[in-house]
Number of protein chains: 2
Amino acid sequence: MKTQLKKGALELCVLAVLARGDSYAYDIVNQLSRSMAISEGTVYPLMRRLQDEAWVTTYLVESSAGPSRKYYQLTPAGHAALAAMQREWREFVSEIDSVLVPGSVAMEHQQ
Amino acid sequence: MKTQLKKGALELCVLAVLARGDSYAYDIVNQLSRSMAISEGTVYPLMRRLQDEAWVTTYLVESSAGPSRKYYQLTPAGHAALAAMQREWREFVSEIDSVLVPGSVAMEHQQ
DNA sequence: TGCATATACCTTGTATTACAAAGTACATGG
DNA sequence: CCATGTACTTTGTAATACAAGGTATATGCA
């Protein structure tokens with residue numbers, strides 16, 4: 001159930017994380033997993049999609065504690081996409097809320 | 001994009017509509033399409049899923065302006081599911097917002 | 001009668017995507 | 001030299017939104 005809700009929002013979350021600074025997939029997973037259930041198998045294909053959209057560029061940085069890290073950096077198009085998706089997110093929440101609570105904000109009378 | 005966000009939330013919306021009164025699929029589509037883009041091909045399979053979950057029961061009512069309408073009525077389990085999904089919806093929005101606006105809700109130690 | 005239109009239902013096929021699971025590879029300490 | 005932690009990637013499965021098409025009923029109108 002919740003899995004379905006999550007679809008599409010993760011892309012927004014990843015872009016939001018990258019807006020706070022360049023990062024690599026493994027770290028993004030760890031950051032997001034503090035707020036929500038998320039797995040590697042979801043994020044890596046998503047990073048590929050972000051590249052395909054030209055919303056991010058990548059560069060390698062060697063690590064002293066394991067294999068090289070592939071950092072992702074937002075492009076101007078990526079920043080624009082983030083802004084657009086934040087707007088869409090707000091609209092989406094409003095749409096759903098308008099269905100859940102028609103008219104006023106009184107949620108005590110149902111059925 | 002928005003299509004993906006929508007997944008999972010539609011079920012919640014349909015249950016919310018039914019909580020305001022029994023209705024039939026064709027009318028639910030019309031009601032929801034005032035707030036959001038939605039198509040018949042999405043709703044009919046969804047109604048079937050609600051039946052499979054025993055969240056709704058159905059009854060036929062003849063119409064003077066077309067074929068009989070299959071009305072859907074929430075069961076007690078359906079009301080409970082609606083309440084649970086509303087809670088999940090709130091949690092989900094909070095989770096996403098906490099990522100979009102770090103520091104607002106649950107951000108302990110951000111790097 | 002015949003046909004268009006509106007109502008109402010349902011099914012099929014396709015695209016998207018979250019996730020588990022598995023695999024590859026690097027670095028370090030016991 | 002191998003277990004552990006780090007880091008990347010691919011494969012297969014399930015869920016589901018939607019377009020498109022199909023069926024059926026009722027009415028108005030030419």
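Proteins get letters first, then strands, A, B, ... in listed order; numbering begins at 1 in each. All values derive from a computational prediction rather than experimental measurement.
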How many whole angstroms separate atom [atom1] of [X] from atom [atom2] of [N]?
X: R69(A); N: dC26(C); atom1: CZ; atom2: C1'; result: 12 Å
X: E53(B); N: dA15(D); atom1: CD; atom2: P; result: 11 Å
X: N30(A); N: dC8(D); atom1: CG; atom2: P; result: 10 Å
X: Q31(B); N: dA8(C); atom1: CD; atom2: P; result: 12 Å
X: Q51(B); N: dC9(C); atom1: CD; atom2: C1'; result: 12 Å
X: L12(A); N: dT17(C); atom1: CG; atom2: P; result: 14 Å
X: I38(B); N: dT16(D); atom1: CD1; atom2: C1'; result: 11 Å
X: Y71(B); N: dT7(C); atom1: OH; atom2: P; result: 14 Å

Open item on the list: Which label fits F92(B) and W89(A): parallel for a plane angle under 30°, tilted from 30 to 60°, or perpendicular past 60°?
Closed with: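 The rings of F92(B) and W89(A) stand perpendicular, inter-plane angle above 60°.
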
- [ ] Identify, between G66(B) and A25(A), the residue whose nearest nucleotide on DNA chain D lies closer to the 5' end.
- [x] A25(A)

Residue-phosphate contact under 4.0 Å: [X] side-chain N/O, [N] OP1/OP2:
X: T42(A); N: dC19(C); answer: yes
X: Y24(A); N: dC8(D); answer: no
X: Y26(B); N: dT7(C); answer: yes
X: R49(B); N: dA17(D); answer: yes
X: Y44(A); N: dC8(D); answer: yes
X: S39(B); N: dA19(D); answer: yes

TODO: Between dT10(D), dT9(D), dT11(C), spot the one nearest the side chain of K70(A), thanks.
DONE: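 Of the options given, the side chain of K70(A) lies nearest dT9(D).
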
Task: Nearest listed nucleotide, side chain of P67(A), among dA17(D), dT6(D), dT11(C) - done: dT6(D)

Open item on the list: Taking the nucleotide of DNA chain C with the nearest heavy atom to each, does S64(A) or G41(A) sit closer to the 5' end?
Closed with: G41(A)

Open item on the list: With nearest nucleotide decided by heavy atoms, which residue, S63(B) or P45(B), maps closer to the 5′ end of DNA chain C?
Closed with: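 Result of the comparison: S63(B).
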
Reported [atom1]-to-[atom2] distance for the pair [X] and [Y], which is rounded to 0.5 angstrom:
X: L18(B); Y: H79(B); atom1: CG; atom2: NE2; answer: 9.0 Å
X: N30(B); Y: R34(B); atom1: CG; atom2: CZ; answer: 7.5 Å
X: Y44(B); Y: I28(B); atom1: OH; atom2: CD1; answer: 9.0 Å
X: M47(A); Y: S23(A); atom1: CE; atom2: OG; answer: 8.0 Å

Task: Note, Y26(A) side chain near R69(A) side chain (heavy atom, < 4.5 Å) - done: no

Open item on the list: Is there a side-chain contact between W55(A) and E11(A) in this structure, where contact means two heavy atoms from C-beta onward sitting under 4.5 Å apart?
Closed with: yes

- [ ] Report the C-alpha separation of Y59(A) and D22(A) in whole Å, then their side-chain angles, then the decisive distance to 0.1 Å, and conclude whether the side chain to side chain contact (heavy atoms under 4.5 Å, CB included) test is met.
- [x] CA-CA 10 Å; Y59(A) 55 91; D22(A) 298 359; 2.5 Å; yes

- [ ] Mark yes or no for a side-chain to base donor-acceptor pair under 3.5 Å between E40(B) and dC18(D), with no hydrogen or angle criteria applied.
- [x]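 Result: no qualifying N/O pair found.
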
Task: Helix axis bend for the helix from dT1(C)-dA30(D) to dG30(C)-dC1(D) - C1'-based end axes, five pairs, 10° rounding - done: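 End-to-end axis angle: 20°.
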
